[in-house]
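Predicted model only: the values in this text are computed from it and were never measured. We name chains A, B, ... by the order of the sequence lines, and we start the count at 1 in each one.
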There are 2 protein chains.
Amino acid sequence: MNAPKLARVIDIHALKNACSNCSLREMCLPTGLKQDEIEKLDQMVYTRKRVKRGDSVYRSEEKFGSLYAIRSGFFKTTLVMEDGRDQVTGFHMAGDMLGMDGIGADQHSCNAVALEDSEVCVIPYGRLEELSREIYELQQHFHKVMSREIVREHGVMLLLGSMRAEERLAAFLLNLSQRFTSRGYSASEFNLRMTREEIGSYLGLKLETVSRTFSKFQEDGFIGVQQKNIRILDSEGLKSVLGRDPS
Amino acid sequence: MNAPKLARVIDIHALKNACSNCSLREMCLPTGLKQDEIEKLDQMVYTRKRVKRGDSVYRSEEKFGSLYAIRSGFFKTTLVMEDGRDQVTGFHMAGDMLGMDGIGADQHSCNAVALEDSEVCVIPYGRLEELSREIYELQQHFHKVMSREIVREHGVMLLLGSMRAEERLAAFLLNLSQRFTSRGYSASEFNLRMTREEIGSYLGLKLETVSRTFSKFQEDGFIGVQQKNIRILDSEGLKSVLGRDPS
DNA sequence: GGAAGATTTTGATCCACATCAATATTTCCG
DNA sequence: CGGAAATATTGATGTGGATCAAAATCTTCC
């Protein structure tokens with residue numbers, strides 16, 4: 001009798017991949033659904049995609065079709081100007097949603113590049129639209145995710161438009177720390193997945209300035225830096241950098 | 001017989017206020033709807049609100065409840081940091097949608113202030129959610145509006161993070177001109193509704209730099225400036241400022 | 001209509017960060 | 001493993017835009 005065994009194998013496989021069983025569930029999907037709704041959601045995501053370090057999930061001007069929930073790994077999104085200058089517009093980690101920039105014009109407007117080997121859940125956009133018409137909680141959740149992206153970008157605009165170099169980097173580190181914390185990782189020690197140049201691009205600074213400012217924070221006893229490894233030793237100290245006039 | 005006369009008055013009034021009859025229709029609502037869907041939409045917007053110059057439609061931290069479609073006038077949105085520094089995050093004109101920042105946390109995260117006497121259509125968010133579950137085109141349209149806001153902000157991040165002062169101001173003028181054009185106004189002559197300081201805040205520059213750069217563009221023959229009145233004399237010239245190295 | 005306040009322009013000077021440069025360290029890969 | 005390329009650090013110098021200042025112009029509102 002092979003059938004039951006086979007069935008179980010398939011079962012386990014299905015379970016393993018199911019949203020309903022995903023540890024990141026509450027980050028990319030709504031909570032408090034009924035059983036039948038949960039089953040529908042599991043059907044929404046029928047593809048996972050591995051993305052190797054350096055590869056893109058999508059590129060600017062590519063036809064839009066799906067959103068991507070980050071299952072594991074780390075990404076940057078970048079914009080490129082005609083003259084070649086490019087700018088990092090965000091860093092994204094497990095539980096974040098990628099691709100919402102593509103909805104408006106039906107084509108992507110930035111590049112989403114993996115900074116380490118990663119995995120994304122492919123969410124066909126048409127299917128998401130359909131389901132969010134049926135499931136109120138999904139609709140609500142999706143709208144919140146988009147709205148939060150707008151608010152996040154507001155924050156970056158504030159950072160780029162009004163803060164000095166030290167404030168930008170302090171805000172950046174505190175934000176990263178907070179995001180790692182909310183995912184169950186250490187708030188005080190983490191590895192940067194991006195280069196000084198990418199940090200600089202995101203913060204509107206040159207890589208030398210990023211490096212110098214890391215060194216200064218280290219001298220001040222706020223952090224310990226060893227290349228990509230960061231230990232936050234005095235988060236109050238870092239916070240005090242924000243909004244204090246040059247000293 | 002008074003009834004018919006009265007009825008007609010009400011009729012005209014209803015028509016005047018209806019989305020279906022609004023000249024900005026295609027900016028804030030989807031097109032190609034069936035008659036019954038159009039009628040539903042007309043019911044979605046049952047309040048207009050006049051906002052006097054200097055007044056806010058909503059303020060940061062205020063409870064979120066509605067989106068606001070700008071019927072007429074001009075707005076800025078601003079963020080305020082704890083230490084009082086504030087930053088303009090956007091300028092908004094007729095046909096634009098305000099308030100989407102509030103969905104994610106159920107409270108607004110910026111202030112929306114009228115720069116001239118204005119009028120907004122109040123769209124109760126719950127009602128919009130409901131209707132966009134029923135009307136596919138509305139759902140799609142709303143998602144596009146949010147996505148475009150994300151893309152717009154990407155553009156500002158690029159501007160703030162990678163451009164020099166002249167490029168920022170050139171991009172700003174070209175963007176304004178394009179938006180006026182798409183609303184049927186002159187592309188080459190318009191009135192700024194905001195001060196140099198507000199422009200500077202939006203562009204991450206000081207007001208003196210904005211003023212100087214306007215003067216420089218005038219010397220270069222790209223624009224004519226007379227206080228708030230701007231004439232674009234050489235839009236190709238302005239475009240050439242973008243992405244050319246300091247000269 | 002006219003005085004007070006807000007906004008804009010322009011000049012002089014300064015400084016935070018960019019740029020240029022050289023070395024050190026790490027990562028990659030044959 | 002080892003050499004090349006990528007990344008990071010640190011120092012010296014330059015500069016675009018900030019800051020400080022003062023005058024000009026516009027707006028408001030009694």
Parallel, tilted or perpendicular, judged at 30° and 60°: which one describes the rings of B:Tyr185 and B:Phe180?
perpendicular
How many whole angstroms separate atom CZ of A:Arg85 from atom P of C:dA18?
14 Å
Do A:Gln227 and A:Asn229 have side-chain heavy atoms sitting under 4.5 Å apart?
no
Would you mind reading off the distance between A:Lys206 atom NZ and D:dG16 atom C1', rounded to a whole angstrom?
13 Å
Between C:dA6 atom C1' and B:Glu198 atom CD, what is the distance in whole Å?
12 Å
Atom-pair distance (CD on A:Glu167; P on C:dA16), nearest Å
12 Å
Could you check whether any side-chain N or O of B:Glu166 sits under 3.5 Å from a backbone N or O of B:Val241, counting only pairs where one atom can act as donor and the other as acceptor?
no
Sidechain-backbone polar pair: B:Ser177 side chain, B:Ala187 backbone, donor-acceptor under 3.5 Å:
yes
Can you pull the salt bridge (Lys or Arg N to Asp or Glu O under 4.0 Å) pairs that have at least one residue in residues 76-105 of chain B, sequence neighbours excluded?
A:Glu167-B:Arg85, B:Lys76-B:Glu198, B:Asp83-B:Arg85, B:Asp96-B:Arg179, B:Asp96-B:Arg183
Bend angle of the helix from C:dG1-D:dC30 to C:dG30-D:dC1, from helix axes over five pairs at each end, nearest 10°:
60°
Checking ring-ring contact (aromatic ring centres under 6.0 Å, His included) between A:Tyr125 and each of A:Tyr58, A:Tyr68, A:Phe64, which is the one that passes?
A:Phe64
Protein within reach of the bases, or only the backbone? For nucleotides 5-12 of chain D, mark each nucleotide 5' to 3' as B, S or -, using heavy atoms under 4.0 Å.
---SBBBB
A:Thr77 side chain to A:Ala112 backbone, donor-acceptor under 3.5 Å
no
I need the CD-P distance between A:Glu166 and C:dA18, as an integer number of Å.
13 Å
Please state how far atom CZ in A:Arg193 lies from atom P in C:dT27, giving the value in whole angstrom units.
14 Å
With heavy atoms under 4.0 Å as the rule, sort A:Gly200 into base, sugar-phosphate or nothing.
nothing
Taking the side chain of A:Leu205 as its heavy atoms from C-beta onward, which of C:dT19, C:dC17, D:dG17 lies nearest to it?
C:dC17
Can any side-chain N or O of A:Arg168 pair as donor or acceptor with the backbone N or O of A:Met163 at less than 3.5 Å?
yes
Rounded distance in Å - CG (A:Asp117) to P (C:dT27)
15 Å
Which whole-number value in Å describes the distance from A:Leu160 CG to C:dC17 C1'?
15 Å
Return the minimal non-hydrogen interatomic distance between A:Ile123 and A:Ala69, and the atom names on each side.
CD1-CB, 4.1 Å
